[in-house]
Amino acid sequence: MKNIFNNKIVLVVLTLVAGLAIGWLIKPASEPKMEVDKHDHIESIAGIPMTYTCSMHPQIRQDGPGDCPICGMDLIPLENDNTEADPMSVSMSATAMQLAGVQSLIVGNANASKSIRLNGKIQADERQNYTQSAHIPGRIEELQINFTGEYVKKGQVLGQIYSPELATAQEELFQAEKIKDSQPALFNAAKEKLKNWKLTEVQIEQILATGKVTEQLPVLANVSGYVTEKMVNLGDYVNRGQAIYRIADLSKVWVLFDVYESELQWIKKGDPIQFTVQSFPGETFTGKLSYIDPVINSQTRVAKARLEVSNPNLKFKPEMFVSGEVDSKAPSNKDNSIVVPKTAVMWTGTRSVVYVKHVTDQAVTFQLREVTLGPSLGSEYLITSGLEPGEEIAVNGTFSIDAAAQLAGKPSMMSPEGGAAMTGHNHGQVTERKPATQVSAGPTEISAKAKDELKPVFDTYFKLKNALTKDELSGSKSRAADMLSALEKVNMAEFKGDAHNEWMKYSEKIKAALAQISTQKKLEEIRKSFGSVSDELLGLAENFRPLSTKIYVQHCPMADSNRGADWLSLEEKVVNPYFGNAMLTCGEVTKTIP
């Protein structure tokens, strides 16, 4: 029995061992262990890590998307230009173009047209304005038309004039009548004298029939119309030919539109126009321009475009405001022209450029192209040269393309010849501008009175800076003159010892730069001189610490042709005086003067 039991145990053990062996042999292959890429947070295209930059501040580079630390704009991807097909072009991948919002358009011939809105007034037709005058000297005895706006008919009696000369002429007529058979010429001459005073044949016959002298002569209306001006009063003495009333026939009126200089090339005689009148909302009237002034008004800088309108029911009244619209074609000899959106054109002040897109099997590239602009068409430009039908250009994201071109050292908006690739904060190893005057090792102590003398100088400087941020040419020159005047008024006696010598160095250079501004005619020139003023004022502020508040030193790396420039501000917020509205927030705070 014992052997049997032992045999059973051995059999069970063997069975278990066999089962384990079979299970090990048929078990599924284990899954490979996943290795975590330590750099999986870096976005890439085709395994190549992407670098992100700012289109306005290409010195900013990060390994991931985000906001620009200077201006807050979205960062865009920057990729290595790995194609040598065209060394003058910058290449971008489809992903980079999508992230940068680049859109393109194939240009072609199109009818260039523009809708011009005009404003104006209704006026009386100058050709139907009349002056009613006195035909005989005398005194106004009666006026039957006593106010302006009254309607008169041709031949209507307007008033009576008492005239001693009329009585004398009638006596001569009576005497000539007695001898008219023997001297008919004398009789006819007496009648003609009365006719020269605008007496009618009927009136003369009535005088002869009655045989009585009439001392008052009625003034008869020469035309029909509305009295627009009453020029005499009862009892006034008038001379022959003196104006009594002004009368206007309003059966036809003019609609006079103001046309500005920039729009004159679009407006021509015979153009159809639709117009509305404020007094008649919901109604639209049509007509054709019949005349355009050949001379521009020197005060308003506009020319008048005329539309003639019939006005039988006096619906249109002089001085009513009107608004019109003219659909006009481009003033060109060509029937078809190239028209592009304004977003496609980058303007540098002297040049207008676009980016032309080229697609190959290897890459998509963009090349800078200078174009000549024609008239503005609202949201579009007419291109007169530089583009051919069928070419494809970038219409959105052009600044992103230009930033990539700058970083790659390719021709760009501000550097048409190209240059070294920009890889650092200073745009290709261009050193930052420094104050021309040497700053002392530490602040120089000056008295409170000396600091008070400097405060007007800094106040006028900040006003000059604000004028430049608003692109005000005349305002900048005026503020520069104010700053120069403040400098002249500084009492140098308050600066003692070394402070006096330092003040003299700074003040002379600031005066020289401000004096240049008075002769400059362009904002670009003034901004360059402002950079010199800022350099000296920065050194002055660091040496003398004249203000009780903080002064922020701010820097734009793109100013002064990418050499960079500083300016001072009382606010930490960046408002750029070197580019104004073009790049108002470009820059960063580099230091603070306590």
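All residue numbers in this chain count up from 1 along the given sequence. Since the model is a prediction, treat every value here as computed from it, not as a measurement.
The pair Lys288-Asp271 does not count as a salt bridge, with every side-chain nitrogen at least 4.0 angstrom from each carboxylate oxygen. Between Arg127 and Asp249, no side-chain nitrogen of the basic residue sits less than 4.0 Å from a carboxylate oxygen of the acidic one, so the salt-bridge criterion is not met. Using a cut-off of 4.0 Å between Lys/Arg side-chain N and Asp/Glu carboxylate O, Arg369 and Glu391 are scored as salt-bridged. With salt bridges taken as basic N to acidic carboxylate O contacts below 4.0 Å, none links Glu308 and Lys252. By the 4.0 Å N-to-carboxylate-O rule, Glu283 lies close enough to Lys315 to be salt-bridged with it.
The two residues Ser89 and Lys410 make their nearest non-hydrogen contact at O-NZ, 2.6 Å. Between His555 and Thr590 the shortest heavy-atom distance is CB-CG2, 3.4 Å. Summarising the geometry of Ala344 relative to Thr398, their closest heavy-atom pair is O-CG2, 4.0 Å, with the distance given to 0.1 Å. Here the closest heavy-atom approach between residue Gln103 and residue Asn396 is recorded as OE1-ND2, 2.7 Å. Here the shortest heavy-atom pairing between Ser529 and Ile517 reads CB-CG1, 3.6 Å. When all heavy atoms are compared, the tightest approach of Phe257 to Leu118 is CD2-CB, 3.8 Å.
To the nearest 0.5 angstrom, Leu468 atom CG is 9.5 Å from Leu473 atom CG. Atom OG1 of Thr372 sits about 11.0 Å away from atom CG of Leu382, to the nearest 0.5 Å. Interatomic distance, CG of Leu143 versus OH of Tyr245, reported as 4.0 Å (0.5 Å rounding). Atom OG of Ser279 and atom NZ of Lys317 lie 8.5 Å apart (nearest 0.5 Å). Between Lys465 atom NZ and Leu568 atom CG the span is 9.0 Å, to the nearest 0.5 Å.
With hydrogens and angles disregarded, no donor-acceptor distance shorter than 3.5 Å links the side chain of Ser352 to the backbone of Val371. In this structure, Ser485 contributes its side chain and Ala481 its backbone to no donor-acceptor pair below 3.5 Å. Counting only distance, with no hydrogens or angles, the side chain of Lys477 and the backbone of Gln520 share a donor-acceptor pair below 3.5 Å. Checking side-chain atoms of Asp482 against main-chain N and O of Thr460 turns up no donor-acceptor pair under 3.5 Å. Of the possible polar contacts, none joining the Arg246 side chain to the Met231 backbone as a donor-acceptor pair under 3.5 Å is found. Under the 3.5 Å distance criterion, the side-chain polar atoms of Thr469 are matched with a main-chain donor or acceptor of Asn466. For Ser91 (side chain) and Thr365 (main-chain N/O), no donor-acceptor pair under 3.5 Å exists by modelled atom type. Under a 3.5 Å cut-off, the side chain of Asp471 and the backbone N or O of Asn581 do form a donor-acceptor pair. In this structure a side-chain-to-backbone donor-acceptor pair under 3.5 Å is present from Asn311 to Phe316. Although no hydrogens or angles enter the test, the distance criterion places no donor-acceptor pair under 3.5 Å between the side chain of Asp560 and the main chain of Arg563.
Heavy-atom neighbours of Glu571 CD from other residues, nucleotides or ligands within 6.0 Å: at or below the threshold of 12. Other residues, nucleotides and ligands contribute at most 12 non-hydrogen atoms within 6.0 Å of the NZ atom of Lys470. For Phe280, the CZ atom counts as densely surrounded, since its 6.0 Å shell holds more than 12 non-hydrogen atoms of other residues, nucleotides or ligands. Residue-environment remark: NZ (Lys463) stays at or below the threshold of 12 foreign heavy atoms within 6.0 Å.
Side-chain atoms of Tyr355 and Asp402 form a donor-acceptor pair, as typed in the model, at a separation below 3.5 Å. Glu392 and Ser104 share a donor-acceptor pair across their side chains, judged by distance under 3.5 Å alone. No side-chain donor-acceptor contact under 3.5 Å links Gln406 and Ser412.
Counting heavy atoms from C-beta outward, Pro389 and Ile338 have side chains that approach closer than 4.5 Å.
In this structure, Tyr461 has its ring center under 6.0 Å from that of Phe530.
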